[in-house]
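Here's the structure we're looking at; comments come further down.
All values reported here derive from a predicted model rather than from experimental measurement.
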4 protein chains.
Amino acid sequence: MTKIDGRVVRAERKRRERREKVLQAATKVFSEKGYHASSIADILEVAGIARGTFYLYFESKRAIFDELLDKLLAHLMEKVCKVDVTPGALAPRAQLSAIVRHVLATLVDNRELTRILLREAIGIDAEFDAKLKEFYDRVLGLLMSALQTGQEIGLVRPVDEHLTAYCILGSVKELADHTLVQAGGATSIDLDLLTETALEFNLNGLLQR
Amino acid sequence: MTKIDGRVVRAERKRRERREKVLQAATKVFSEKGYHASSIADILEVAGIARGTFYLYFESKRAIFDELLDKLLAHLMEKVCKVDVTPGALAPRAQLSAIVRHVLATLVDNRELTRILLREAIGIDAEFDAKLKEFYDRVLGLLMSALQTGQEIGLVRPVDEHLTAYCILGSVKELADHTLVQAGGATSIDLDLLTETALEFNLNGLLQR
Amino acid sequence: MTKIDGRVVRAERKRRERREKVLQAATKVFSEKGYHASSIADILEVAGIARGTFYLYFESKRAIFDELLDKLLAHLMEKVCKVDVTPGALAPRAQLSAIVRHVLATLVDNRELTRILLREAIGIDAEFDAKLKEFYDRVLGLLMSALQTGQEIGLVRPVDEHLTAYCILGSVKELADHTLVQAGGATSIDLDLLTETALEFNLNGLLQR
Amino acid sequence: MTKIDGRVVRAERKRRERREKVLQAATKVFSEKGYHASSIADILEVAGIARGTFYLYFESKRAIFDELLDKLLAHLMEKVCKVDVTPGALAPRAQLSAIVRHVLATLVDNRELTRILLREAIGIDAEFDAKLKEFYDRVLGLLMSALQTGQEIGLVRPVDEHLTAYCILGSVKELADHTLVQAGGATSIDLDLLTETALEFNLNGLLQR
DNA sequence: TATGAATGAGTCTTCATTCAT
DNA sequence: CATGAATGAAGACTCATTCAT
């Protein structure tokens with residue numbers, strides 16, 4: 001039985017590897033040509049597999065795209081959480097720094113997926129728009145609750161939490177877009193500078209004080 | 001000859017009106033369904049014209065989309081200019097306020113086009129991406145020069161001008177997106193609150209001082 | 001207006017002619033190769049039209065097949081009705097003769113469609129099977145009611161109406177199949193002999209009396 | 001050597017059992033969904049074997065279908081023979097009764113295959129049509145020779161033997177179809193009633209005498 | 001022998017664009 | 001000018017069959 005188990009395990013691993021190969025190919029293709037301009041044929045060519053093989057691993061073009069983004073969104077949410085303001089916790093600024101760093105690091109580690117998220121994952125269809133909205137809504141929710149807490153403990157000045165949350169989200173998105181997406185693949189990125197700039201911008205604004 | 005001239009002029013006007021009608025229809029359709037999901041047939045139906053007629057006025061689906069966006073981009077750039085810091089000029093803050101207000105007002109006045117710009121004008125094709133990049137680069141250029149000037153006259157604290165420009169752009173884009181695009185068509189918008197929030201956020205950040 | 005009306009009418013007629021051309025082509029193709037073995041491409045070739053044109057007139061391969069059969073079934077049912085046994089009506093035998101003649105004549109006039117009905121219209125899908133069953137059930141219903149009436153007026157010997165109705169239907173179907181379908185297209189057919197044989201067989205059976 | 005022989009024999013038996021299992025599965029699947037709607041995958045699932053295994057036993061989807069039908073056709077022909085009218089033989093009516101009974105019994109014993117024969121074995125392809133035609137031609141040949149003999153000995157009234165043979169065949173086919181195929185699987189069947197109805201219908205027709 | 005992953009030919013269907021009227 | 005029928009390239013997806021393990 002061990003022998004068979006071994007075989008099964010190996011087969012399972014191989015299957016996952018193969019799936020992964022297709023996912024990689026799809027990532028590359030989608031990120032380069034966008035969802036609509038990418039054909040299954042393009043993915044097949046990059047993955048080096050036959051038409052039928054694709055459908056062995058994925059239900060449809062749409063399904064593989066979904067999976068790609070789901071993975072990135074999950075990664076992004078991994079360490080994004082409420083700021084802890086109970087006594088004894090890390091300083092809020094340090095916590096925020098960690099979160100922003102995590103997000104940016106994840107995006108840096110997944111440049112192609114980031115491009116897809118920021119550039120190609122829009123206008124796919126209503127269902128997908130909803131998924132994306134849900135993700136951003138969760139992020140915005142956290143931001144708003146953070147702003148509220150910040151105001152309560154007197155750290156944050158009085159602001160419209162809704163609108164301000166959008167501003168924060170937008171600043172980080174655009175930062176990521178221009179740094180990771182527009183810059184060609186080869187550019188090396190100073191994660192610390194990025195994190196610091198984002199944080200400073202959001203916390204202190206532009207004006208000299 | 002005058003008679004003929006009159007006819008020609010009238011014909012010319014009629015032609016422009018018809019073009020306009022098609023552009024309106026396309027705006028509505030693209031804004032509702034996105035570029036890819038919109039078919040020429042959708043536009044024809046809304047415009048109330050025949051298939052062949054469309055191609056009398058526009059070269060292709062792509063071309064009319066281009067024209068739509070070009071118009072909005074031109075409107076947006078109309079009053080966006082360098083901040084004037086020569087003595088006697090308006091206070092920088094007032095100038096900025098005017099510019100931001102103009103941009104937001106233009107977007108408010110063109111909700112459907114705004115949706116197209118922010119949501120659907122991405123991932124069309126490389127050429128279109130380039131056009132958009134050019135537009136944003138001009139905006140970013142102005143922002144960076146403003147940041148530089150601001151730093152020189154000691155108004156702005158030392159920042160990475162590049163990255164910070166992205167943050168500013170992003171905050172305004174996202175603000176516009178959530179306020180104009182995500183909110184259904186009927187919502188009334190407080191342009192002053194919007195302008196003020198954007199400006200305050202960018203200038204003063206979040207922290208209490 | 002008359003001019004335009006004329007144009008519209010002419011266009012409408014042309015449209016119907018074109019549709020008819022495609023229907024003819026489909027009839028030929030389906031009858032020769034069967035539903036499953038026939039591809040849209042086969043129909044296009046015979047009809048001499050382009051791929052897109054087909055979908056201008058018909059929703060799908062399935063839809064055109066449906067329409068083909070519907071037409072034949074409607075024709076067949078046209079003069080099939082209950083036998084009238086009120087005093088003064090034609091003799092039952094004459095009425096039956098007329099009905100059988102009509103059915104066989106319709107089948108003779110539509111040899112290809114007959115082939116499709118008897119040979120290819122089986123196992124398309126559940127929905128189609130249902131449509132066919134409905135048709136045959138109507139025929140069987142008429143037959144059973146005729147058998148009942150016949151028994152009541154002492155014309156018909158006591159029989160199981162259900163089973164006997166099947167026998168009658170089957171004898172006519174097979175007669176048609178072998179005469180119209182299996183015989184190549186060119187054979188000339190003696191409609192009178194056919195009608196008479198069917199009727200005699202069903203009424204008097206085989207035995208000498 | 002005997003030992004090896006034993007092994008070989010056992011292996012041979014196992015092989016046949018496995019083949020049988022697949023045939024059973026195919027029968028079930030084809031009878032439920034029809035030839036075209038049945039996929040190899042469906043058969044595999046029911047048979048509980050792997051894809052490759054199927055092709056170890058059968059050449060193709062088409063081949064297993066062939067084999068299924070061949071078996072039924074052979075069974076059916078087993079006791080179908082010329083009527084013996086030499087003096088001392090059983091009465092013709094009794095002989096016919098036995099033959100019809102055998103045919104109907106065989107169909108009853110193989111309901112699923114019957115459904116396939118009557119419903120799904122049509123429009124597969126030209127070759128298959130030919131095989132079926134050959135079978136029916138043999139049946140028709142016997143019927144025609146019986147009719148001829150019957151007429152010669154004055155038992156049968158003068159009829160067109162060709163056309164009448166079709167009628168007989170059709171009546172039995174339709175009887176079988178409605179009784180065995182359309183009625184769900186569970187219905188119990190009165191073989192005697194069936195045989196008697198068929199015989200009476202064919203021999204005596206409908207009319208009271 | 002048994003397996004099931006891989007293959008790729010084959011089909012339907014859509015839709016932007018052209019062109020004869 | 002306006003029309004809308006016709007076009008055909010392009011793309012997604014299925015499934016019988018093969019083959020390496």
Could you list by number each residue of residues 13-25 of chain B showing a heavy-atom separation from DNA chain E of less than 4.0 Å, or answer none if no residue does?
-> none
Residues two or more places apart in sequence or in another chain: which of them pass ring-ring contact (aromatic ring centres under 6.0 Å, His included) with D:Phe128?
-> D:Phe65
Nearest-Å distance for atom pair CZ/P, residues A:Phe65 and F:dA12 = 14 Å
Residues at least two apart in sequence or cross-chain that pass salt bridge (Lys or Arg N to Asp or Glu O under 4.0 Å) with D:Glu67, listed by chain then number, are D:Arg19
For D:Gln24, which residues count as a side-chain hydrogen bond (donor to acceptor under 3.5 Å, both in side chains) partner, sequence neighbours excluded?
-> D:Glu20
Sugar-phosphate atoms are those with a prime plus P, OP1 and OP2; base atoms are the rest. Using that split, label each nucleotide of nucleotides 13-19 of chain E B, S or - for protein heavy atoms under 4.0 Å, 5' to 3'.
-> BBBBBBB
Partners passing side-chain hydrogen bond (donor to acceptor under 3.5 Å, both in side chains) against D:Glu45 (at least two apart in sequence or in another chain) = none
With sequence neighbours excluded, residues passing side-chain hydrogen bond (donor to acceptor under 3.5 Å, both in side chains) with B:Asp66 | B:Arg62, B:Lys131
State plainly whether the residues B:Lys21 and B:Glu17 are in salt-bridge range, i.e. N to O under 4.0 Å.
-> no
At under 4.0 Å between heavy atoms, what does D:Tyr57 touch on the DNA or RNA strands: base, sugar-phosphate, or nothing?
-> sugar-phosphate
Over how many whole Å does the gap from D:Phe58 atom CZ to E:dA2 atom C1' extend?
-> 15 Å
Mind checking salt bridge (Lys or Arg N to Asp or Glu O under 4.0 Å) for D:Arg115 and listing every partner two or more places apart, or none if nothing turns up?
-> D:Glu120
Residues in side chain to side chain contact (heavy atoms under 4.5 Å, CB included) with D:Ala50, at least two apart?
-> D:Thr53
Pull out every stem in DNA chain E, meaning runs of 3 or more consecutive Watson-Crick or G-U wobble pairs with both distances under 3.5 Å.
-> E:2-21 with F:2-21
Check salt bridge (Lys or Arg N to Asp or Glu O under 4.0 Å) between A:Glu32 and all other residues, then give those that pass, not counting sequence neighbours.
-> A:Lys28
For C:Ala50 and B:Leu56, take the nucleotide of DNA chain F holding the closest heavy atom to each; which residue's nucleotide lies nearer the 5' end?
-> B:Leu56
Residues that B:Ser39 engages under side-chain hydrogen bond (donor to acceptor under 3.5 Å, both in side chains), provided they are two or more places apart = B:Asp42
B:Tyr35 ring centre to B:Lys61 NZ or CZ under 6.0 Å, with the angle to the axis within 45°?
-> yes
May I have the distance from C:Leu44 (atom CG) to F:dA9 (atom C1'), rounded to whole angstrom?
-> 14 Å
